[in-house]
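One structure is given here, and the rest of the page talks about it.
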Amino acid sequence: MTTTSFDFPGRWVEGAGLVLGPSLMLAGVLLRAGFDGFFPEQLAAFAENPALMTASYGAFAVGNVLLWPAVIALVRRVWAVRPRWALWGGVMAMSGLLARSFHSGVGHLAFQLVDVQGAGAAQRAVADSYGAFHPFHPLSPAIFFGWIVLAVGAWRAGVLGIARSVALALTSALPIGVLKGTGPMSVVAVLGLCAALVPLGIGVLRDGPAPRWWAYPLALGVGVAAVLLGTAG
């Protein structure tokens with residue numbers, strides 16, 4: 001049997017994830033920097049500034065999802081020299097991305113409660129259910145430790161220098177949970193993520209030929225169609 005090997009998900013997806021993922025998360029964090037970090041104030045901020053808070057949490061959520069090809073890009077490069085660090089760092093970091101996606105979904109529902117029932121009712125609902133168990137909760141340690149393990153692996157494998165490896169490890173300081181606002185450590189953590197990954201992403205995108213001309217309108221058309229279909233339910 002013939003086995004075909006290829007680099008999934010490919011240079012353009014990896015490069016886009018490395019550049020856009022951290023950048024969108026930084027935009028999301030900065031957009032809500034003017035409000036207190038705990039959920040009652042976040043819900044009150046949504047009631048007063050729904051467009052701003054929707055943009056903030058939307059950008060953060062999309063950036064978090066786009067980090068999955070970024071993690072794979074790092075894992076593939078670390079694997080060649082330090083496979084165990086790549087394995088465990090990649091598994092934990094990817095698990096953390098899934099947990100953050102779950103938190104984003106809960107936050108989105110809470111914002112819809114503000115629209116439907118008002119900020120007070122939404123705050124009571126979130127407060128009364130905040131500690132409820134869910135299978136994703138045990139992944140919280142992975143959110144914290146995954147970036148540290150991956151950063152050590154990237155340093156030991158020579159993929160990132162010591163400064164950018166430390167910057168990547170700082171991502172572990174990003175607050176965990178539902179409706180987390182912006183504090184000083186949030187900004188430091190996401191700036192570290194940008195410093196570590198964006199230059200690598202630019203290098204990945206430059207390392208090869210550009211896409212065919214028709215790839216750009218095709219990608220735009222697929223994106224617009226996906227948005228329309230998703231909005232239609």
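All figures in this text were calculated on a predicted structure; none of them were measured in a lab. Computed from heavy atoms alone, side chains included, the values below leave out hydrogens, waters and symmetry copies. Throughout, numbering of the chain's residues begins at 1 and tracks the sequence.
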Same cluster or not: are Val152 and Trp88 linked, directly or through other Ile, Leu, Val, Met, Phe, Trp or Tyr residues, by side-chain heavy atoms under 4.5 angstrom apart?
yes
Are Val78 and Phe8 joined in one hydrophobic group, where the rule is that I, L, V, M, F, W and Y side chains link up if heavy atoms are under 4.5 Å apart?
yes
Taking Val29's backbone N and O only, do any of them form a donor-acceptor pair with Thr182's side chain (distance below 3.5 Å, no angle check)?
yes
CG on Leu170 to CG on Leu191, rounded to 0.5 Å:
9.5 Å
Mark yes or no for whether His108, through its side chain, and Gly58, through its backbone, hold a donor-acceptor pair below 3.5 Å.
no
Answer yes or no: does atom CH2 of Trp12 have more than 12 heavy-atom neighbours from other residues, nucleotides or ligands under 6.0 Å?
yes
Which heavy atom of Ala189 sits nearest a heavy atom of Ala173, and at what distance?
CB-C, 4.0 Å
So does Lys180 get a backbone contact from the side chain of Arg32, meaning a donor-acceptor N/O pair under 3.5 Å?
yes
Give a yes or no answer on whether the side chain of Ser56 reaches the backbone of Leu52 with a donor-acceptor pair at less than 3.5 Å.
no
To the nearest 0.5 Å, how far apart are CG in Leu197 and CG in Leu160?
7.5 Å
Hphob cluster co-occupancy, Leu67 + Leu139, side-chain heavy atoms under 4.5 angstrom:
no
Calculate, to the nearest 0.5 Å, the distance between atoms CZ and CG belonging to Phe35 and Asn49 respectively.
4.5 Å
Leu150 versus Ala93, closest heavy-atom pair with distance:
CD2-CB, 4.3 Å
For the residue pair Tyr57 and Phe111, does the interplanar ring angle fall in the parallel (under 30°), tilted (30 to 60°) or perpendicular (over 60°) class?
perpendicular
Could you check whether the rings of Phe39 and Tyr130 sit parallel, tilted or perpendicular, using 30° and 60° as the cut-offs?
parallel
Taking Arg156 for the side chain and Val81 for the main chain, is one N or O donor matched with an acceptor at less than 3.5 Å?
no
Mark yes or no for whether Thr171, through its side chain, and Leu168, through its backbone, hold a donor-acceptor pair below 3.5 Å.
yes
